[in-house]
Structure formats: structure tokens, C-alpha cells
**Student:** 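First, the structure itself, so that you have it in front of you.
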Amino acid sequence: LADVAEIGGSIPDAIVHHNPMATVASRGCDVGCWFCIVPKMEGRTFTLIPEFPVRPVLCDNNLPGLPADYQDLIVARYIGEGVPLMDANSGFEPRTFDEECYRRWDGINKGPWRFAYDDQQERGYVERVMRMLKDVSPRRKRVYVLIGNEPVDACMERIRHVIEWGGEPHVQPYMKLNALERTPY
């Protein structure tokens, strides 16, 4: 990262723009998607933060990928502290989201169910998740559809799938990980 960032040192106001209503209970993601910065910055193994401050916005990267007992701990912390989970912001990985995960989080998730549909290979996983969420309002099924990583027809097909399956597609253009400006590739 030396070509785009200064490594080391201290930046006292580093979290000045951080949402004070947000928190994280873990860092990292074990999936390792080629276009995602998380494994490169936070690692492909999870770092668990059991003493996280409980706040209404939870920004973990892959909640269903976490060990089940740790997911239970997070849920118990929210219930125990009486804090409503208004948004599991970074969301649920469709590959690891199953009925057990849905039941676990359904009791406390007051916000949208966020997950991604990044490429055609994920179709089966996303369709399965959408079936599990069939009784959830389309506005609460926020599916982030990556575009620009596959031919236009394939990207459009994924957008149409989300609509057909009763979800709300949120289109995200692919950007190179080393992009210095937020310009889609």
C-alpha cells in the first residue's frame, strides 16, 4: 500500500467521520472475493471483538461466516443491552447464509437484509436466500449487484433476477482496489 497510503504513525482524528451509531464485532472475511478490499486490509481469518460497544448499526463484513457461538454472543449482547439492531450494514454473505442464520438474526434485525450478488456463480446462493426471505418486504431485501465485472448482459440478468425474486437491487460498479478516485472501472 506504500504507493497510495502512508504506513504507520498516528492520526488522532482518524475516526472523525465515523458514524457514532456504528460498531463492529469482528474484522476480516474468510471468503476472499478478488474484487474486495476487506481480506487485504483486515485478513481472511476473523478477528473477534467480543467486548465491542453495542450500537444500532453493525458493520461486520460477513456475519454468517462467523462461528455460530460468536453470532449467538452478538445477538445476546444486543438483547441484553436492549439496543435495537437497525442495520447489519455490511451484511450477510449468501454462500454461508442458511436457515439457522436467518432464525438467529431475524429476532433482532430491524433493518434491511443486506447481501451481494457479485457474479453469475452466486445465482444459486442468492436465489436460496431470497426464498428464505420470501415473507420479508422487498424494501428490506437489499441486494448489492456488482456491475462491470462481467459482460453487460450478465450484469443486467443479475439485476432482473433480484427484481423477479422480490428484492430491491442496489447496483454497485466495480472499481479497482488501487483506484485513487471513486471512478468505476
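Keep in mind the model is a prediction, meaning the values are calculated, not measured.
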**Student:** Tell me, please, which residues at least two apart from Glu168 pass salt bridge (Lys or Arg N to Asp or Glu O under 4.0 Å).
**Tutor:** none
**Student:** Do Met86 and Val136 sit in the same hydrophobic cluster, where Ile, Leu, Val, Met, Phe, Trp and Tyr count as joined when their side-chain heavy atoms come under 4.5 Å apart?
**Tutor:** no
**Student:** Cys155 and Gly148: which non-hydrogen atoms are nearest, and at how many Å?
**Tutor:** SG-N, 3.6 Å
**Student:** With sequence neighbours left out, what residues match Glu51 under side-chain contact (heavy atoms from CB on, under 4.5 Å)?
**Tutor:** none
**Student:** So Arg95 and Val31, do their side chains get closer than 4.5 Å, heavy atoms only?
**Tutor:** yes
**Student:** Hey, quick one: are Val38 and Leu177 part of the same hydrophobic cluster, counting side-chain heavy atoms closer than 4.5 Å, chains of contacts allowed?
**Tutor:** no
**Student:** Checking Asn149 against Asp119 for the side-chain hydrogen bond (donor to acceptor under 3.5 Å, both in side chains) test, could you report, in this order, the C-alpha distance in whole Å, the side-chain angles of both residues, the deciding distance, and whether it holds?
**Tutor:** CA-CA 8 Å; Asn149 61 321; Asp119 55 41; 5.1 Å; no
**Student:** Would you say the side chain of Tyr125 lies within less than 4.5 Å of the side chain of Phe97, judging by non-hydrogen atoms?
**Tutor:** no
**Student:** In Å, rounded to the nearest 0.5 Å, how long is the span from CG of Asn61 to SG of Cys29?
**Tutor:** 6.0 Å
**Student:** Under the side-chain contact (heavy atoms from CB on, under 4.5 Å) test, which residues partner Pro138, sequence neighbours left out?
**Tutor:** none
**Student:** Quick one: which residue pairs count as a ring pair (Phe, Tyr, Trp, His ring centres under 6.0 Å) with a foot in residues 28-51, not counting sequence neighbours?
**Tutor:** Trp34-Tyr174
**Student:** Please list all pairs meeting salt bridge (Lys or Arg N to Asp or Glu O under 4.0 Å) that have one or both residues in residues 145-156, counting only residues at least two apart or in different chains.
**Tutor:** Glu150-Arg158
**Student:** State plainly whether one hydrophobic cluster holds both Ile159 and Trp113, where clusters connect Ile, Leu, Val, Met, Phe, Trp and Tyr through side-chain heavy atoms under 4.5 angstrom apart.
**Tutor:** yes
**Student:** Would you say the side chain of Phe92 lies within less than 4.5 Å of the side chain of Val129, judging by non-hydrogen atoms?
**Tutor:** no
**Student:** Would you mind reporting whether Phe115 and Val126 have side-chain heavy atoms less than 4.5 Å apart?
**Tutor:** yes
**Student:** For Arg123, which residues count as a side-chain contact (heavy atoms from CB on, under 4.5 Å) partner, sequence neighbours excluded?
**Tutor:** Tyr117, Glu127, Glu157, His161, Trp165
**Student:** Looking at side-chain heavy atoms only, is the closest gap between Met130 and Val143 below 4.5 Å?
**Tutor:** yes
**Student:** Does Met41 belong to the same Ile/Leu/Val/Met/Phe/Trp/Tyr cluster as Val24, with side-chain heavy atoms less than 4.5 Å apart forming each link?
**Tutor:** no
**Student:** Quick one: are Thr45 and Asp30 in side-chain contact, heavy atoms under 4.5 Å?
**Tutor:** no
**Student:** Determine whether Tyr78 and Leu58 satisfy the following criterion, side-chain contact (heavy atoms from CB on, under 4.5 Å), listing intermediate values before the conclusion.
**Tutor:** CA-CA 10 Å; Tyr78 273 90; Leu58 181 61; 3.6 Å; yes
**Student:** Search all heavy atoms of Glu100 against all heavy atoms of Ala68 and return the closest pair with its distance.
**Tutor:** OE2-CB, 4.2 Å
**Student:** Looking at CD1 of Ile108 and CD1 of Ile74, how far apart are the two atoms once the value is rounded to the nearest 0.5 Å?
**Tutor:** 8.5 Å
**Student:** How long is the gap from CD on Glu42 to CG on Asn62, to the nearest 0.5 Å?
**Tutor:** 11.5 Å
**Student:** Does anything in residues 137-148 pair up under salt bridge (Lys or Arg N to Asp or Glu O under 4.0 Å), and if so which pairs, sequence neighbours excluded?
**Tutor:** none
**Student:** Run the side-chain contact (heavy atoms from CB on, under 4.5 Å) test on Trp105 and Val75 for me, step by step, so that the C-alpha distance in whole Å, both residues' side-chain angles and the decisive distance to 0.1 Å come before the verdict.
**Tutor:** CA-CA 7 Å; Trp105 292 96; Val75 170; 4.0 Å; yes
**Student:** Kindly state each residue pair satisfying salt bridge (Lys or Arg N to Asp or Glu O under 4.0 Å) with at least one member in residues 62-91, sequence neighbours excluded.
**Tutor:** Asp72-Arg104, Arg77-Glu81, Asp87-Arg114
**Student:** With heavy-atom distances below 4.5 Å as the criterion, would you say the side chains of Tyr70 and Pro50 are in contact?
**Tutor:** yes
**Student:** Who pairs with Asp60 by side chain to side chain donor-acceptor pair (under 3.5 Å), at least two apart in sequence or on another chain?
**Tutor:** Ser26
**Student:** According to ring pair (Phe, Tyr, Trp, His ring centres under 6.0 Å), does anything in residues 138-158 pair up with another residue at least two apart or in another chain? List the pairs.
**Tutor:** Tyr144-His170
**Student:** What's the shortest heavy-atom distance between Pro169 and Val162, and which atoms?
**Tutor:** N-CG1, 3.5 Å
**Student:** Can you tell me how far apart CG (Asn19) and SG (Cys59) are? Round to the nearest 0.5 Å.
**Tutor:** 7.0 Å
**Student:** Taking the side chain as everything from C-beta on, heavy atoms only, tell me whether Leu48 gets closer than 4.5 Å to Leu66.
**Tutor:** yes
**Student:** Using modelled atom types only, decide if a donor and an acceptor are shared between the side chain of Arg55 and the backbone of Met21 within a distance under 3.5 Å.
**Tutor:** no
**Student:** How long is the span from the CZ atom in Arg128 to the CG atom in Leu133, to the nearest 0.5 Å?
**Tutor:** 10.5 Å
**Student:** To the closest 0.5 Å, what do you measure between CD1 (Ile49) and OG1 (Thr23)?
**Tutor:** 7.5 Å
**Student:** Can you list everything that forms a side chain to side chain donor-acceptor pair (under 3.5 Å) with Asp98? Sequence neighbours excluded, please.
**Tutor:** none
**Student:** Taking side-chain contact (heavy atoms from CB on, under 4.5 Å) as the test, write out the residues that go with Arg182, two or more places apart.
**Tutor:** Met175
